[in-house]
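Protein chains get the first letters and strands the later ones, always in sequence-line order, with residue 1 at the start of each.
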Amino acid sequence: MNFSQQLIDWYTVNKRSLPWRDTKNPYFIWLSEVILQQTRVQQGLPYYKSFVKKFPSVENLAHAPQDEVLKLWQGLGYYSRARNLQTAAMQIVDNNSKFPDNYKDLLQLKGVGEYTAAAIASFAFGESVAVVDGNVYRVLSRIYGIATPINVPAGVKEFKSLAGKLLDQHDPATYNQAIMEFGAIQCVPKSPDCSVCPFQSNCIAYQEQRVKELPVKLKKTKVKNLFHHYLVIQTPSKKTVLHQRDNSSIWAGLFEFPYIEAQGALLPQEIIEEKFFKELVGESRFRESVYNQQPIIHKLSHRKVHAYFWIIELDQELNDTLSIEDARAKPVHVLMERFMKEFWQGK
DNA sequence: AAGGCGGGGCA
DNA sequence: TGCCCAGCCTT
């Protein structure tokens with residue numbers, strides 16, 4: 001028995017009963033697909049029901065006030081989906097209320113991309129076009145042991161091609177439902193229970209114990225911006241203060257000036273009102289000035305640190321200070337070294 | 001090609 | 001608490 005038939009057999013036994021599976025009405029199917037973009041069935045189900053109830057036809061949706069649509073969408077997230085949904089409803093109504101009945105025409109609807117067009121075309125009109133969503137990437141990459149990243153053009157092409165070949169030409173609707181349902185409830189992203197999987201013996205990932213590694217997704221290392229406002233303490237005897245970083249994050253165990261972490265640039269007023277600043281300076285009177293109006297940008301693989309240096313001249317000594325010479329002897333990170341070298345040159 | 005868009009589930 | 005999820009539109 002081939003893969004597609006096996007999948008359909010599994011689906012027949014294991015499928016959930018969902019309202020949009022009991023209809024061929026393209027409007028309802030479209031509604032469900034848009035609601036389920038980036039959304040779990042469990043979360044989307046009540047929204048589907050309320051939309052069907054409030055807007056039983058595409059005309060109802062097209063003619064509703066936008067606020068009403070958004071209100072119904074409230075809490076579901078990705079709100080442009082709701083606006084696009086209504087825009088598309090208007091597109092359809094403008095076209096004599098003729099619902100697009102094929103993949104190509106469906107793609108013209110606002111908010112309908114390749115996945116959604118394939119889903120509607122196959123479910124409502126029986127068109128032979130394979131859906132490729134996150135479930136499909138996951139299932140195919142594991143069963144076929146494909147390690148091509150799913151989020152690069154070559155990977156997209158490869159998976160689409162395979163999905164097209166596997167599509168059951170006689171019943172594309174059921175096949176498409178089946179592979180996505182399989183991904184949603186059996187071949188789940190994390191810790192799938194392979195002990196009850198019907199594809200154990202022909203799943204390459206399972207056989208080679210690579211289930212955890214697949215699908216491969218290129219991490220676009222999202223760089224996080226950090227804003228560090230370093231407090232460069234200067235006592236009358238030219239002592240300063242360093243703190244040692246803890247061992248759990250970047251620059252573990254290295255020394256640096258104490259700093260305030262913020263969401264961006266800060267005004268002097270904001271600095272001196274910080275609890276951390278007050279605790280550090282204690283009863284001293286001080287004069288503060290910013291050393292660099294433009295932050296020093298320090299890039300790490302996953303962090304972009306915007307470093308501001310505030311020179312705090314105190315009129316009395318503090319505890320736990322150290323001389324510049326001792327400070328220069330401490331292990332510091334590159335950013336700190338750059339600053340210290342420039343700030344204390346010749347001292 | 002890359003960034004932005006939101007919630008919930010889960011380790 | 002922070003990471004992960006993976007469709008579509010915009011730039």
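- Mapping A:Ser80 and A:Ser191 onto DNA chain B by nearest heavy atom places A:Ser80 at the nucleotide closer to the 5' end.
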Open item on the list: If you apply the rule side chain to side chain contact (heavy atoms under 4.5 Å, CB included), what do you find for A:Ile179 with A:Tyr11, and how did you get there?
Closed with: CA-CA 8 Å; A:Ile179 191 167; A:Tyr11 176 68; over 6 Å; no
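- Aromatic rings from A:Tyr259 and A:Phe276 are positioned such that their centres are separated by 6.0 Å or more.
- Considering only the side chain of A:Arg40, B:dG8 comes nearest among B:dG8, C:dC8, C:dC9.
- No side-chain donor from either of A:Ser122 and A:Glu127 sits under 3.5 Å from a side-chain acceptor of the other.
- Of the candidate nucleotides C:dC8, C:dC9, C:dA6, C:dA6 has the atom lying nearest to any side-chain atom of A:Gln38.
- Heavy atoms of A:Glu114 sit under 4.0 angstrom from primed sugar atoms or phosphate atoms, though from no base atom.
- The separation between A:Asn151 atom CG and B:dG3 atom P is 12 Å, rounded to whole Å.
- A:Gln37 and A:Thr116 share a donor-acceptor pair across their side chains, judged by distance under 3.5 Å alone.
- Dashed line: the shortest gap from a side-chain N or O of A:Thr39 to OP1 or OP2 of B:dG6 is not under 4.0 Å.
- For the OP1/OP2 pair of C:dC8 and a distance below 4.0 Å, the side-chain nitrogens and oxygens of A:Gln37 include at least one atom meeting the criterion.
- Taking atom CZ of residue A:Phe159 and atom C1' of nucleotide C:dA6, one finds them 13 Å apart after rounding to whole Å.
- Atom CG of A:Leu106 is separated from atom C1' of C:dG7 by 16 Å (rounded to the nearest Å).
- Among the nucleotides B:dA1, C:dG7, C:dA6, the one closest to the side chain of A:Tyr115 is C:dG7.
- Nucleotide B:dA2 holds its C1' atom 16 Å from the NZ atom of A:Lys217, rounded to whole Å.
- Across all strands, A:Lys110 comes closer than 4.0 Å only to sugar-phosphate atoms, never to a base (heavy-atom distances).
- B:dG8 and C:dC9 are spaced 23 Å apart, taking the C1' atom of each and rounding to whole Å.
- Here the C1' atom of nucleotide C:dG7 and the CD1 atom of A:Ile150 are 12 Å apart, to the nearest Å.
- As judged by a 4.0 angstrom heavy-atom cut-off over every strand, A:Gln43 is placed among residues touching the sugar-phosphate backbone only.
- Here A:Val34 lies out of heavy-atom contact (under 4.0 Å) with every strand.
- A:Arg21 and A:Gln177 share a side-chain donor-acceptor pair at under 3.5 Å.
- Between the P atoms of B:dA11 and C:dA6, the separation comes to 15 Å (whole Å).
- B:dG7 atom P lies 10 Å from atom CZ of A:Arg81, rounded to whole Å.
- There is a side-chain donor-acceptor pair under 3.5 Å between A:Ser195 and A:Asp193.
- The shortest distance between the side-chain N/O atoms of A:Tyr78 and the OP1/OP2 oxygens of C:dC9 is not below 4.0 Å.
- Counting heavy atoms from C-beta outward, A:Leu109 and A:Gln91 have side chains that approach closer than 4.5 Å.
- Counting to the nearest Å, the C1' atom of B:dG6 and the CG atom of A:Leu70 are 14 Å from each other.
- Atom CG of A:Leu76 and atom C1' of C:dG7 are 13 Å apart (whole Å).
- Using modelled atom types and a 3.5 Å distance limit, the side chains of A:Asp9 and A:Thr12 yield no donor-acceptor pair.
- Taking a 4.0 Å limit (strictly below) on heavy-atom distances, residues 129-141 of chain A reaches DNA chain C at A:Asp133, A:Gly134, A:Arg138.
- For B:dA11, the base has no donor-acceptor partner in the side chain of A:Lys190 [N/O atoms by modelled type, under 3.5 angstrom].
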